[in-house]
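Beneath this line is the structure, given in C-alpha coordinates, with notes to follow.
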Amino acid sequence: MTTANRPEPQAPQRSDFARDFLWGCATSSYQIEGAGRDDGRVESIWDRFAATPGTIRDGSNGLVACDHYHRWPEDFDIARGMGLNAYRFSIAWPRIFSEGGGAPNQKGLDFYSRLVDGMLERDLQPWATLYHWDLPQTLQDAGGWEDRATIDAFLDYTDAMTRTLADRVKHWITHNEPWCTAIIGNFEGWHAPGKTDLKAALQVAHNVLVSHGKAVPLIRANVPDAQVGMAVSLHPLRAASDSAEDIAAKERHDGLRYRWFLDPLFGRGYPEATLSQVGAAAPDVAPGDMDAIAVKTDFMGVNYYFPETVAHAAGHAPLDTKVLPPTEGEITAMGWPVVPEGLAELLLRIENDYHPGPMYVTENGSAFDDVVGADGEIDDVQRRHYLMRHLASLKAAIDGGAPVKGYFAWSLLDNFEWAEGYLKRFGLVHIDYATQQRRLKSSGKWYGAFLRQA
Ligand code: FCB
(Lines give C-alpha, C1' and ligand atoms only; values in the text may rest on other atoms or scores of the structure.)
Protein backbone atom coordinates (compact mmCIF):
# COMPACT_ATOMS: atom_id res chain seq x y z
CA MET A 1 0.00 0.00 0.00
CA THR A 2 1.30 3.44 -0.77
CA THR A 3 1.52 5.69 2.21
CA ALA A 4 -0.76 8.30 0.67
CA ASN A 5 -3.93 6.24 0.55
CA ARG A 6 -3.62 4.14 3.68
CA PRO A 7 -6.62 4.35 5.98
CA GLU A 8 -6.51 6.70 8.95
CA PRO A 9 -6.11 4.69 12.15
CA GLN A 10 -8.51 5.02 15.03
CA ALA A 11 -7.12 7.54 17.47
CA PRO A 12 -8.45 8.29 20.93
CA GLN A 13 -10.02 11.61 21.86
CA ARG A 14 -8.35 13.99 24.23
CA SER A 15 -11.34 13.46 26.55
CA ASP A 16 -10.37 9.78 26.83
CA PHE A 17 -7.52 11.00 29.06
CA ALA A 18 -7.64 12.75 32.42
CA ARG A 19 -8.31 16.49 32.31
CA ASP A 20 -4.97 17.19 33.97
CA PHE A 21 -3.04 14.86 31.65
CA LEU A 22 0.17 16.47 30.41
CA TRP A 23 0.67 16.78 26.66
CA GLY A 24 4.09 17.85 25.57
CA CYS A 25 6.98 17.51 23.20
CA ALA A 26 10.54 16.68 24.21
CA THR A 27 13.86 18.04 22.97
CA SER A 28 17.47 18.09 24.16
CA SER A 29 20.05 20.82 24.31
CA TYR A 30 22.80 19.52 22.03
CA GLN A 31 20.30 18.37 19.42
CA ILE A 32 18.60 21.76 18.92
CA GLU A 33 20.37 24.70 20.57
CA GLY A 34 23.36 25.35 18.35
CA ALA A 35 25.18 28.49 19.55
CA GLY A 36 28.06 26.18 20.29
CA ARG A 37 30.47 28.98 21.11
CA ASP A 38 28.11 31.60 22.53
CA ASP A 39 28.10 33.09 26.00
CA GLY A 40 30.90 31.00 27.47
CA ARG A 41 29.69 27.54 26.47
CA VAL A 42 32.61 25.09 26.69
CA GLU A 43 33.28 22.02 24.56
CA SER A 44 31.18 18.94 25.25
CA ILE A 45 31.95 15.29 24.56
CA TRP A 46 29.56 15.51 21.60
CA ASP A 47 31.53 18.40 20.07
CA ARG A 48 34.72 16.38 20.40
CA PHE A 49 33.12 13.16 19.16
CA ALA A 50 31.49 14.85 16.16
CA ALA A 51 34.84 16.41 15.25
CA THR A 52 36.33 12.92 15.01
CA PRO A 53 36.16 11.66 11.39
CA GLY A 54 33.80 8.76 10.76
CA THR A 55 31.58 9.21 13.81
CA ILE A 56 28.59 11.12 12.37
CA ARG A 57 27.01 9.79 9.19
CA ASP A 58 26.79 13.15 7.42
CA GLY A 59 29.92 14.56 9.04
CA SER A 60 27.85 17.20 10.84
CA ASN A 61 27.76 18.47 14.43
CA GLY A 62 25.51 20.42 16.79
CA LEU A 63 27.28 23.77 16.57
CA VAL A 64 24.34 25.41 14.77
CA ALA A 65 21.61 22.73 14.81
CA CYS A 66 18.17 24.43 14.89
CA ASP A 67 19.64 27.62 16.31
CA HIS A 68 17.07 27.26 19.08
CA TYR A 69 19.36 29.29 21.34
CA HIS A 70 18.33 32.35 19.35
CA ARG A 71 15.00 31.24 17.91
CA TRP A 72 13.31 29.75 20.98
CA PRO A 73 10.50 32.36 21.08
CA GLU A 74 9.33 31.22 17.65
CA ASP A 75 9.64 27.56 18.67
CA PHE A 76 7.64 28.09 21.85
CA ASP A 77 5.01 30.04 19.93
CA ILE A 78 4.58 27.00 17.70
CA ALA A 79 4.38 24.70 20.74
CA ARG A 80 1.79 26.97 22.32
CA GLY A 81 -0.12 27.15 19.06
CA MET A 82 -0.36 23.36 19.04
CA GLY A 83 -1.94 23.51 22.47
CA LEU A 84 0.82 21.73 24.39
CA ASN A 85 0.66 22.21 28.14
CA ALA A 86 4.14 20.88 28.93
CA TYR A 87 7.59 20.97 27.38
CA ARG A 88 10.56 18.75 28.14
CA PHE A 89 13.98 20.26 27.49
CA SER A 90 17.50 19.60 28.69
CA ILE A 91 20.10 21.91 30.11
CA ALA A 92 23.54 22.03 28.49
CA TRP A 93 26.00 21.45 31.32
CA PRO A 94 28.76 23.04 29.15
CA ARG A 95 26.90 26.36 29.32
CA ILE A 96 27.02 26.29 33.13
CA PHE A 97 30.34 24.65 33.86
CA SER A 98 33.37 26.88 34.36
CA GLU A 99 36.63 25.17 33.51
CA GLY A 100 38.82 24.79 36.55
CA GLY A 101 35.87 24.93 38.92
CA GLY A 102 34.63 28.10 40.55
CA ALA A 103 31.31 29.83 40.10
CA PRO A 104 28.87 28.67 37.43
CA ASN A 105 28.72 30.69 34.23
CA GLN A 106 26.15 33.41 34.84
CA LYS A 107 25.35 33.82 31.16
CA GLY A 108 24.40 30.16 30.97
CA LEU A 109 22.19 30.41 34.04
CA ASP A 110 20.55 33.52 32.58
CA PHE A 111 19.82 31.76 29.29
CA TYR A 112 17.89 28.97 31.00
CA SER A 113 16.13 31.51 33.18
CA ARG A 114 14.90 33.31 30.06
CA LEU A 115 14.03 30.02 28.39
CA VAL A 116 11.90 28.93 31.34
CA ASP A 117 10.19 32.32 31.52
CA GLY A 118 9.39 31.90 27.83
CA MET A 119 7.75 28.54 28.55
CA LEU A 120 5.74 29.86 31.47
CA GLU A 121 4.52 32.86 29.47
CA ARG A 122 3.05 30.35 27.03
CA ASP A 123 1.56 28.02 29.66
CA LEU A 124 4.09 25.29 28.91
CA GLN A 125 4.95 23.46 32.12
CA PRO A 126 8.74 23.16 32.13
CA TRP A 127 10.23 19.68 32.53
CA ALA A 128 14.00 20.05 32.84
CA THR A 129 16.42 17.21 32.16
CA LEU A 130 19.80 17.78 33.77
CA TYR A 131 21.83 15.30 31.75
CA HIS A 132 20.98 14.48 28.15
CA TRP A 133 24.50 13.37 27.19
CA ASP A 134 26.45 16.62 26.76
CA LEU A 135 29.17 16.19 29.36
CA PRO A 136 31.80 18.98 29.43
CA GLN A 137 34.87 17.60 27.63
CA THR A 138 37.18 18.69 30.45
CA LEU A 139 35.34 16.35 32.79
CA GLN A 140 35.69 13.54 30.26
CA ASP A 141 39.42 14.26 30.03
CA ALA A 142 39.61 13.84 33.79
CA GLY A 143 37.94 10.41 33.61
CA GLY A 144 34.31 11.22 32.77
CA TRP A 145 31.50 9.21 34.31
CA GLU A 146 33.94 6.38 35.05
CA ASP A 147 35.43 8.58 37.73
CA ARG A 148 33.45 9.32 40.89
CA ALA A 149 34.63 12.93 40.77
CA THR A 150 32.07 13.41 37.98
CA ILE A 151 29.33 12.51 40.46
CA ASP A 152 30.43 15.45 42.62
CA ALA A 153 30.67 17.75 39.61
CA PHE A 154 27.14 16.72 38.60
CA LEU A 155 25.88 17.55 42.07
CA ASP A 156 27.50 21.01 41.92
CA TYR A 157 25.88 21.61 38.55
CA THR A 158 22.54 20.28 39.81
CA ASP A 159 22.79 22.55 42.82
CA ALA A 160 23.42 25.62 40.65
CA MET A 161 20.56 24.84 38.25
CA THR A 162 17.99 23.94 40.86
CA ARG A 163 18.77 27.04 42.95
CA THR A 164 18.44 29.24 39.87
CA LEU A 165 15.17 27.76 38.64
CA ALA A 166 13.62 26.60 41.94
CA ASP A 167 10.79 29.12 41.84
CA ARG A 168 9.74 28.20 38.29
CA VAL A 169 10.71 24.62 37.49
CA LYS A 170 9.12 21.91 39.65
CA HIS A 171 9.66 18.89 37.39
CA TRP A 172 13.20 17.58 37.19
CA ILE A 173 14.63 14.60 35.32
CA THR A 174 18.11 13.74 36.52
CA HIS A 175 19.29 11.63 33.59
CA ASN A 176 18.07 10.76 30.14
CA GLU A 177 18.58 7.10 29.21
CA PRO A 178 21.50 5.87 31.33
CA TRP A 179 21.73 2.84 29.01
CA CYS A 180 22.78 5.09 26.17
CA THR A 181 25.20 7.14 28.27
CA ALA A 182 26.84 3.99 29.56
CA ILE A 183 26.53 1.20 27.03
CA ILE A 184 26.25 2.98 23.69
CA GLY A 185 28.81 5.61 24.66
CA ASN A 186 31.34 3.35 26.39
CA PHE A 187 30.83 -0.21 25.17
CA GLU A 188 29.26 -0.05 21.72
CA GLY A 189 31.18 3.15 21.08
CA TRP A 190 28.97 4.78 18.45
CA HIS A 191 28.02 7.62 20.78
CA ALA A 192 30.33 9.98 22.65
CA PRO A 193 32.78 9.47 24.18
CA GLY A 194 33.23 6.49 21.84
CA LYS A 195 34.83 3.92 24.13
CA THR A 196 34.47 0.15 23.70
CA ASP A 197 35.15 -1.22 27.15
CA LEU A 198 32.47 -3.15 29.08
CA LYS A 199 34.07 -2.62 32.48
CA ALA A 200 34.16 1.13 31.82
CA ALA A 201 30.57 1.10 30.57
CA LEU A 202 29.24 -0.67 33.64
CA GLN A 203 31.18 1.68 35.92
CA VAL A 204 29.66 4.61 34.04
CA ALA A 205 26.19 3.10 34.46
CA HIS A 206 26.81 2.68 38.17
CA ASN A 207 28.18 6.17 38.70
CA VAL A 208 25.32 7.68 36.71
CA LEU A 209 22.83 5.83 38.92
CA VAL A 210 24.66 7.00 42.05
CA SER A 211 24.64 10.58 40.78
CA HIS A 212 20.89 10.29 40.24
CA GLY A 213 20.41 8.92 43.75
CA LYS A 214 22.41 11.74 45.30
CA ALA A 215 20.82 14.43 43.16
CA VAL A 216 17.25 13.58 44.16
CA PRO A 217 17.49 14.79 47.78
CA LEU A 218 19.54 17.80 46.70
CA ILE A 219 16.87 18.85 44.20
CA ARG A 220 14.20 18.41 46.87
CA ALA A 221 16.20 20.53 49.30
CA ASN A 222 16.48 23.35 46.76
CA VAL A 223 13.09 23.20 45.06
CA PRO A 224 9.91 23.45 47.11
CA ASP A 225 7.30 20.93 45.84
CA ALA A 226 9.82 19.32 43.49
CA GLN A 227 8.82 16.30 41.43
CA VAL A 228 11.93 14.33 40.56
CA GLY A 229 12.52 11.25 38.42
CA MET A 230 14.63 9.72 35.68
CA ALA A 231 13.89 8.95 32.03
CA VAL A 232 14.84 5.42 31.01
CA SER A 233 14.75 3.96 27.51
CA LEU A 234 13.27 0.48 27.42
CA HIS A 235 12.07 -2.03 24.87
CA PRO A 236 9.62 -4.88 25.17
CA LEU A 237 11.60 -7.98 24.21
CA ARG A 238 10.77 -10.94 22.01
CA ALA A 239 12.86 -14.07 21.53
CA ALA A 240 13.81 -14.60 17.87
CA SER A 241 12.34 -18.12 17.97
CA ASP A 242 10.84 -20.69 20.32
CA SER A 243 14.20 -22.38 20.72
CA ALA A 244 15.49 -22.76 24.27
CA GLU A 245 18.67 -20.96 23.18
CA ASP A 246 16.86 -17.87 21.91
CA ILE A 247 14.58 -17.75 24.93
CA ALA A 248 17.59 -17.92 27.23
CA ALA A 249 19.31 -15.21 25.15
CA LYS A 250 16.28 -12.97 25.55
CA GLU A 251 16.45 -13.47 29.32
CA ARG A 252 20.15 -12.54 29.41
CA HIS A 253 19.52 -9.46 27.32
CA ASP A 254 16.64 -8.47 29.57
CA GLY A 255 18.92 -8.77 32.59
CA LEU A 256 21.29 -6.13 31.25
CA ARG A 257 18.91 -3.97 29.21
CA TYR A 258 16.02 -3.69 31.72
CA ARG A 259 16.71 -5.16 35.16
CA TRP A 260 20.29 -3.89 35.44
CA PHE A 261 18.87 -0.37 35.57
CA LEU A 262 15.45 -0.83 37.15
CA ASP A 263 16.24 -3.37 39.86
CA PRO A 264 18.76 -1.08 41.64
CA LEU A 265 16.45 1.93 41.28
CA PHE A 266 13.76 -0.02 43.09
CA GLY A 267 16.04 -1.32 45.85
CA ARG A 268 16.72 -4.81 44.52
CA GLY A 269 20.39 -4.38 43.65
CA TYR A 270 21.94 -5.62 40.42
CA PRO A 271 20.38 -8.85 39.11
CA GLU A 272 22.44 -11.79 40.34
CA ALA A 273 22.41 -13.75 37.08
CA THR A 274 23.63 -10.75 35.08
CA LEU A 275 26.29 -9.97 37.67
CA SER A 276 27.77 -13.41 37.22
CA GLN A 277 27.46 -13.19 33.43
CA VAL A 278 29.43 -9.93 33.26
CA GLY A 279 32.00 -11.32 35.71
CA ALA A 280 35.03 -9.08 36.17
CA ALA A 281 33.34 -6.24 34.27
CA ALA A 282 30.96 -5.68 37.21
CA PRO A 283 31.31 -2.17 38.62
CA ASP A 284 33.07 -1.18 41.81
CA VAL A 285 30.40 -0.33 44.35
CA ALA A 286 31.19 1.90 47.33
CA PRO A 287 29.44 1.51 50.69
CA GLY A 288 26.08 3.26 50.62
CA ASP A 289 25.81 3.38 46.83
CA MET A 290 22.96 0.92 46.49
CA ASP A 291 20.92 2.73 49.15
CA ALA A 292 21.57 6.04 47.41
CA ILE A 293 20.45 4.65 44.04
CA ALA A 294 17.25 3.26 45.56
CA VAL A 295 16.00 6.68 46.64
CA LYS A 296 12.27 6.96 46.15
CA THR A 297 11.37 9.19 43.22
CA ASP A 298 8.15 11.05 42.43
CA PHE A 299 7.65 9.60 38.96
CA MET A 300 9.24 7.41 36.36
CA GLY A 301 9.91 8.63 32.82
CA VAL A 302 9.70 5.99 30.09
CA ASN A 303 11.09 6.49 26.58
CA TYR A 304 9.59 4.02 24.14
CA TYR A 305 10.39 3.59 20.47
CA PHE A 306 10.18 -0.11 19.49
CA PRO A 307 10.43 -3.72 20.70
CA GLU A 308 13.66 -5.67 20.31
CA THR A 309 13.94 -9.21 18.98
CA VAL A 310 16.80 -11.09 20.58
CA ALA A 311 18.65 -14.17 19.33
CA HIS A 312 21.38 -16.36 20.74
CA ALA A 313 24.67 -15.36 19.11
CA ALA A 314 27.69 -17.29 20.33
CA GLY A 315 30.72 -15.07 20.76
CA HIS A 316 28.74 -11.86 20.46
CA ALA A 317 29.85 -9.73 23.40
CA PRO A 318 28.98 -9.25 26.12
CA LEU A 319 26.29 -11.92 26.68
CA ASP A 320 26.20 -14.06 23.50
CA THR A 321 23.08 -12.25 22.40
CA LYS A 322 22.17 -10.17 19.39
CA VAL A 323 19.30 -7.80 18.60
CA LEU A 324 17.97 -8.68 15.14
CA PRO A 325 16.70 -6.11 12.64
CA PRO A 326 12.97 -6.34 11.86
CA THR A 327 12.04 -8.54 8.91
CA GLU A 328 8.37 -7.63 8.51
CA GLY A 329 5.87 -4.86 9.12
CA GLU A 330 6.34 -1.12 8.86
CA ILE A 331 9.86 0.16 9.53
CA THR A 332 10.94 3.75 10.18
CA ALA A 333 13.86 5.55 8.56
CA MET A 334 15.94 4.46 11.57
CA GLY A 335 15.20 0.82 10.71
CA TRP A 336 13.01 0.54 13.80
CA PRO A 337 9.79 -1.50 13.65
CA VAL A 338 6.51 0.34 14.22
CA VAL A 339 4.77 -1.56 17.02
CA PRO A 340 2.30 0.68 18.87
CA GLU A 341 1.04 -2.09 21.17
CA GLY A 342 4.61 -2.39 22.50
CA LEU A 343 4.05 0.86 24.39
CA ALA A 344 1.16 -0.58 26.40
CA GLU A 345 3.03 -3.84 26.87
CA LEU A 346 6.05 -2.02 28.27
CA LEU A 347 4.13 0.32 30.58
CA LEU A 348 2.07 -2.55 31.98
CA ARG A 349 5.17 -4.65 32.53
CA ILE A 350 6.86 -1.86 34.48
CA GLU A 351 3.75 -1.31 36.57
CA ASN A 352 3.51 -5.03 37.23
CA ASP A 353 7.21 -5.47 38.06
CA TYR A 354 7.88 -2.36 40.15
CA HIS A 355 4.74 -0.28 40.90
CA PRO A 356 6.81 2.86 40.27
CA GLY A 357 4.00 5.32 41.00
CA PRO A 358 3.12 7.94 38.39
CA MET A 359 4.65 7.29 34.98
CA TYR A 360 5.18 9.68 32.10
CA VAL A 361 6.04 8.76 28.54
CA THR A 362 8.98 11.13 28.29
CA GLU A 363 9.80 10.26 24.65
CA ASN A 364 8.06 8.47 21.80
CA GLY A 365 8.33 9.22 18.11
CA SER A 366 9.50 8.23 14.66
CA ALA A 367 11.84 9.29 11.88
CA PHE A 368 10.64 9.25 8.29
CA ASP A 369 12.02 10.86 5.14
CA ASP A 370 9.84 13.92 4.86
CA VAL A 371 9.07 15.62 1.57
CA VAL A 372 8.21 19.30 1.41
CA GLY A 373 5.42 19.65 -1.15
CA ALA A 374 5.28 22.38 -3.78
CA ASP A 375 2.76 24.13 -1.54
CA GLY A 376 5.20 24.01 1.37
CA GLU A 377 3.16 21.36 3.21
CA ILE A 378 4.75 18.27 4.72
CA ASP A 379 2.26 15.42 4.65
CA ASP A 380 4.10 13.05 6.99
CA VAL A 381 1.32 10.52 7.05
CA GLN A 382 3.47 7.75 8.54
CA ARG A 383 4.54 9.90 11.50
CA ARG A 384 0.98 11.10 11.99
CA HIS A 385 -0.28 7.53 12.06
CA TYR A 386 2.55 6.49 14.36
CA LEU A 387 1.44 9.18 16.80
CA MET A 388 -2.26 8.31 16.56
CA ARG A 389 -1.63 4.60 17.06
CA HIS A 390 0.71 5.14 19.99
CA LEU A 391 -1.82 7.36 21.72
CA ALA A 392 -4.38 4.57 21.30
CA SER A 393 -1.87 2.19 22.90
CA LEU A 394 -1.25 4.69 25.68
CA LYS A 395 -4.95 4.75 26.43
CA ALA A 396 -4.99 0.94 26.47
CA ALA A 397 -2.13 0.98 28.99
CA ILE A 398 -4.00 3.38 31.24
CA ASP A 399 -7.20 1.36 30.94
CA GLY A 400 -5.18 -1.71 31.84
CA GLY A 401 -3.93 -0.10 35.06
CA ALA A 402 -0.70 1.74 34.23
CA PRO A 403 -0.75 5.08 36.10
CA VAL A 404 0.48 7.24 33.21
CA LYS A 405 -0.01 10.98 33.72
CA GLY A 406 1.53 12.54 30.63
CA TYR A 407 3.00 12.05 27.17
CA PHE A 408 5.88 13.86 25.47
CA ALA A 409 6.26 13.32 21.72
CA TRP A 410 9.81 13.13 20.44
CA SER A 411 10.40 15.66 19.09
CA LEU A 412 9.16 19.22 18.71
CA LEU A 413 11.72 19.97 15.99
CA ASP A 414 13.76 18.00 13.50
CA ASN A 415 17.22 17.99 15.02
CA PHE A 416 20.75 16.60 15.24
CA GLU A 417 20.07 12.88 15.63
CA TRP A 418 23.42 11.97 17.21
CA ALA A 419 25.43 9.53 15.04
CA GLU A 420 22.88 10.02 12.21
CA GLY A 421 23.50 13.75 12.09
CA TYR A 422 20.73 15.63 10.28
CA LEU A 423 19.79 12.66 8.08
CA LYS A 424 16.97 11.51 10.34
CA ARG A 425 13.99 13.74 11.06
CA PHE A 426 11.87 13.11 14.17
CA GLY A 427 10.17 16.53 14.43
CA LEU A 428 6.52 17.45 14.41
CA VAL A 429 7.99 20.68 13.07
CA HIS A 430 10.16 20.57 9.96
CA ILE A 431 13.43 22.48 9.91
CA ASP A 432 14.95 23.75 6.70
CA TYR A 433 18.57 23.78 7.87
CA ALA A 434 19.64 26.18 5.10
CA THR A 435 17.18 28.90 6.10
CA GLN A 436 16.11 27.78 9.59
CA GLN A 437 12.53 28.03 8.45
CA ARG A 438 10.07 26.17 10.69
CA ARG A 439 7.01 24.41 9.21
CA LEU A 440 4.44 22.45 11.15
CA LYS A 441 4.08 18.99 9.58
CA SER A 442 0.72 17.27 9.24
CA SER A 443 1.63 15.17 12.31
CA GLY A 444 2.03 18.37 14.33
CA LYS A 445 -1.22 19.75 12.93
CA TRP A 446 -2.99 16.55 13.90
CA TYR A 447 -1.52 16.69 17.44
CA GLY A 448 -2.69 20.29 17.71
CA ALA A 449 -6.21 19.41 16.53
CA PHE A 450 -6.29 16.52 19.01
CA LEU A 451 -5.25 18.83 21.83
CA ARG A 452 -7.76 21.51 20.93
CA GLN A 453 -10.64 19.03 21.28
CA ALA A 454 -12.81 19.94 24.25
C1 FCB B 1 16.45 8.73 22.25
C2 FCB B 1 17.18 9.98 22.70
C3 FCB B 1 16.79 11.22 21.95
C4 FCB B 1 16.57 10.95 20.48
C5 FCB B 1 15.68 9.76 20.27
C6 FCB B 1 15.38 9.46 18.83
O7 FCB B 1 17.20 7.62 22.57
O8 FCB B 1 16.93 10.20 24.06
O9 FCB B 1 17.76 12.19 22.20
O10 FCB B 1 17.78 10.83 19.85
O11 FCB B 1 16.23 8.64 20.87
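These figures come from a predicted structure and were not determined experimentally. For ligands, and for the atoms within them, numbers begin at 1 and follow the listed sequence.
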Can you give me a line-by-line list of nitrogen or oxygen pairs between ligand 1 and the protein shorter than 3.5 Å?
| residue | atom | partner | partner atom | Å |
| --- | --- | --- | --- | --- |
| ligand 1 | 7 (O) | Glu177 | OE1 | 2.5 |
| ligand 1 | 7 (O) | Glu177 | OE2 | 3.0 |
| ligand 1 | 8 (O) | His132 | NE2 | 3.3 |
| ligand 1 | 8 (O) | Asn176 | ND2 | 2.9 |
| ligand 1 | 8 (O) | Glu177 | OE1 | 3.3 |
| ligand 1 | 8 (O) | Glu177 | OE2 | 3.3 |
| ligand 1 | 8 (O) | Glu363 | OE1 | 3.0 |
| ligand 1 | 8 (O) | Glu363 | OE2 | 3.0 |
| ligand 1 | 9 (O) | Gln31 | OE1 | 2.7 |
| ligand 1 | 9 (O) | His132 | NE2 | 2.8 |
| ligand 1 | 9 (O) | Trp418 | NE1 | 3.0 |
| ligand 1 | 10 (O) | Gln31 | NE2 | 3.4 |
| ligand 1 | 10 (O) | Glu417 | OE1 | 2.7 |
| ligand 1 | 10 (O) | Glu417 | OE2 | 3.3 |
| ligand 1 | 10 (O) | Trp418 | NE1 | 2.9 |

- Item | Distance-only side-chain donor-acceptor flag, Tyr386 / Glu330, under 3.5 Å | no
- Message: Parallel, tilted or perpendicular, judged at 30° and 60°: which one describes the rings of Tyr258 and Tyr354?
- Response: tilted
- Item | Residue of the set Arg438, Lys441, Lys424 for which salt bridge (charged side-chain N to carboxylate O under 4.0 Å, His left out) holds with Asp414 | Lys441
- Note on the structure: Heavy-atom closest pair (Ala239 atom, Lys250 atom, distance to 0.1 Å) is N-CD, 3.5 Å
- Inter- and intrachain pairs under side chain to side chain donor-acceptor pair (under 3.5 Å), touching residues 331-346, at least two apart: Arg238-Glu345
- Message: Quick one: does any side-chain atom of Trp133 pair with a main-chain N or O of Asn176 as donor and acceptor, under 3.5 Å?
- Response: yes
